[in-house]
Amino acid sequence: MSENNVDIMNESTNHHYDMKWKEIHIPMRDGSYLAANLYQPDAEGKFPVLMTMGPYGKDEHFASHPIAAELYKRQVQDKSPHMSGGTPDPDFWVPQGYVVIRIDERGTGNTPGILDVWSDTLKYDYYDAIEWAGTQSFGSGKVGLLGCSYFAITQWMVAEKQPPHLSCLVMWEGMPDLYADALRMGGIVQSGFLSLWYNKRVLVKQFGKGKLSEDELKNNRTDFEKLVRENVVRNEYWKKRSSDLSRVTVPFLSAGNWFCSGAISRGNINGFKYAASKNKWLEMHIGSHFAEFYTEESRTMQKQFLDYWLKGIDTGVMRQPKIKLAMPKGGKEYNWIYANEYPLKNTKWTKCYLEANSLELLEDQPLKESKRIYEGDKDKESAAWQGPKNFIMNEDNPKRMIFKTKPLNHKIMLAGPMKLRLYASSTIDDMDIYVSLRNIAADGKEVVNVGAYTTNYPISQGWLRASLRGIDEIRSTEYKPYYTYDKIEKLVPNKIYPIDIEIADSAIMLEKGHTLLLEIGSQEQSGCGMFLHPDDKIWDADVTVYTGGQYKSYLLLPLIL
């Protein structure tokens, strides 16, 4: 967002204040309190506030992060004494004339209470914290939220409550719909991520850890993992843990990552699309989940946005295009493209039809009907995976099928939503369908991308449990199914169904001579990182895919002209 010759890091916005800090208790409406660290300029004046609230411990330094410590050491550009992963670094922001408040949410760190992540209680606690900060003598009355991952998700949540002193949001790689965008994406429990995250990031920071007995700790928290598994459809439990986007009205910048199996990009994009805010921007980048949040380029964009909405400085943000998208070329390489609408106005929606006999992706629908079977993961091979198998083009694998285009005769660009319409049947009353879209170079090697959680991400991926295939006819479009997830519709064994599978929005530049490859199967596929489903699968379904004639199975792509 630093285009139009605007120098964001200039003397008018950089004051270079010294910093002081202390722990404080923020009072809540029920008489309890939230423990927080207050970082502020050591100077007279009233300053805007940047706030985060989360369960990871306000005093945990990024270098002590149990999962991302190595990433911090290798990839984060600037390192400082008070940096905590996913939150604004006070050693950067306080000298710029901001107050930074980092809060332990209820039941975590130094804050007592019942631990219940992403709950209604959190929304009201966050509301009270914002209103407290907005009325303090050190503050200007304006509070902004800036954070990555969990600290972005909670922004969507509290924004629906519309606290009066909340002025703007910067949601970096975080989603508003916990069911569809994260924990049960495609209707399948993300149990690989869920177990790792909840046990190694949240429970280790529960209030009283090391002092209370295990029974006392259990009595002071909800069983979040169990509740995620038990609430199969999107019911009131999930609605309370998501955001009502029709009530998100403050200005915001939603920054997502193309390469994350949809677990982040879907939420950032849908949040931008459906939120009621009149002043909103969308940025889609590539690279690691945490490191990109702290780059000089990213901080420049964040500061341009925040200086305008929190300090009233004309940084040029209102003259910027609403959409800023990375156009990846493979690895870490990309260019930026700009627009004022998403999907892009110059999109040509292009169908590639599946042909089951030749395993080709064709420009025209085949006249002759054909079919092909892939087997279920009946031996539960993937249940023991610590990560997905590497992609091997010519592997003899009956649990998948691969369709390919002919080598491209010219360079093409894709950017936006993608969809697979598949005519399929199952030998039992349900099936899981896993899909990957890959870029294959002329030498037969896959061109992979550096993503949020992996360095070998394909173009995109998607997966769906067929019994949760029902769509919202009003919100769904030709290019994106919007699943309701509100009822289970079992299949009739061996009956053929048309099923729309959402492939996560993405972007890629494919060079002349490259081949587009579509992988469909019964297991997670290379590139999905930690998003595994080791104990929630439809193991025994053999799936038949039907193409040609009356069965218009196709891949829909956003070709950019």
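Numbering starts at 1 and runs along the sequence shown.
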The salt bridge (charged side-chain N to carboxylate O under 4.0 Å, His left out) partners of Lys161 (sequence neighbours excluded) come to none

**Asked** Angle class for the Tyr56/Trp197 ring planes (parallel below 30°, perpendicular above 60°, tilted otherwise)?
**Response** perpendicular

More than 12 heavy atoms of other groups within 6.0 Å of Tyr237 OH: yes

Those residues at least two apart in sequence (or on a different chain) that pass side-chain contact (heavy atoms from CB on, under 4.5 Å) with Asn456 are Asn390, Val448, Thr454, Ser526

Residues passing the salt bridge (charged side-chain N to carboxylate O under 4.0 Å, His left out) test with Glu292, sequence neighbours excluded, are none

side-chain contact (heavy atoms from CB on, under 4.5 Å) filter on Lys239, not counting sequence neighbours, yields Glu236

Tyr294 side chain vs Gly86 backbone, donor-acceptor pair below 3.5 Å
yes

Salt bridge (charged side-chain N to carboxylate O under 4.0 Å, His left out) filter on Lys332, not counting sequence neighbours, yields none

Task: Tyr334 and His285: CA distance, side-chain angles, deciding distance, ring-ring contact (aromatic ring centres under 6.0 Å, His included) verdict - done: CA-CA 9 Å; Tyr334 65 93; His285 51 265; 9.2 Å; no

Subject >> Trp463 side-chain N/O to Met185 backbone N/O, donor-acceptor pair under 3.5 Å >> reply: yes

Which atom pairs, one a donor and one an acceptor, fall under 3.5 Å between side chains of residues 136-145 and the rest of the protein, sequence neighbours left out?
residue	atom	partner	partner atom	Å
Gln136	NE2	Trp132	O	3.0
Ser140	OG	Lys142	N	3.4

Review point. Ion pair present between Arg221 and Glu214, side-chain N to carboxylate O less than 4.0 angstrom?
Key: yes

- request: Output yes when a side-chain donor or acceptor of Ser84 lies under 3.5 Å from a complementary backbone atom of His61, and no otherwise.
  value: no

side-chain contact (heavy atoms from CB on, under 4.5 Å) filter on Lys380, not counting sequence neighbours, yields Ala383, Trp539

Task: Trp156 side-chain N/O to Ser242 backbone N/O, donor-acceptor pair under 3.5 Å - done: no

Residues pairing under salt bridge (charged side-chain N to carboxylate O under 4.0 Å, His left out) where one sits in residues 165-177, two or more places apart or in two chains, turn out to be Asp177-Arg234

Taken in chain and number order and not counting sequence neighbours, the residues that satisfy salt bridge (charged side-chain N to carboxylate O under 4.0 Å, His left out) with Arg465 are Asp432, Asp536

Pairing donors with acceptors under 3.5 angstrom, does anything connect the side chains of Ser522 and Asp377?
no

Here the side chain to side chain donor-acceptor pair (under 3.5 Å) pairs for residues 180-192, sequence neighbours left out, are Asp181-Arg266, Gln190-His533, Ser191-Asp535

Only residue of Arg106, Arg29, Lys123 satisfying salt bridge (charged side-chain N to carboxylate O under 4.0 Å, His left out) with Asp128 is Arg29

Quick check: do Tyr342 and Pro417 have side-chain heavy atoms less than 4.5 Å from each other?
yes

Across all chains, not counting sequence neighbours, the side-chain contact (heavy atoms from CB on, under 4.5 Å) partners of Asn37 are Trp21, Glu23, Tyr39, Lys58, Asp59

*Measure from the side-chain N and O atoms of Lys537 to the backbone N and O of Pro534, and report whether any donor-acceptor pair falls under 3.5 Å.*
no

Q) Under 3.5 Å, side chain of Arg475 to main-chain N/O of Tyr483, donor-acceptor pair present? A) no

Expected output: side-chain Gln206 to main-chain Val202 donor-acceptor under 3.5 Å:
no

Checklist entry - Between Asn257 and Gly287, is there a donor-acceptor pair closer than 3.5 Å when you use the side chain of the first and the backbone of the second? => result yes

Residues at least two apart in sequence or cross-chain that pass ring-ring contact (aromatic ring centres under 6.0 Å, His included) with Trp238, listed by chain then number, are Tyr179

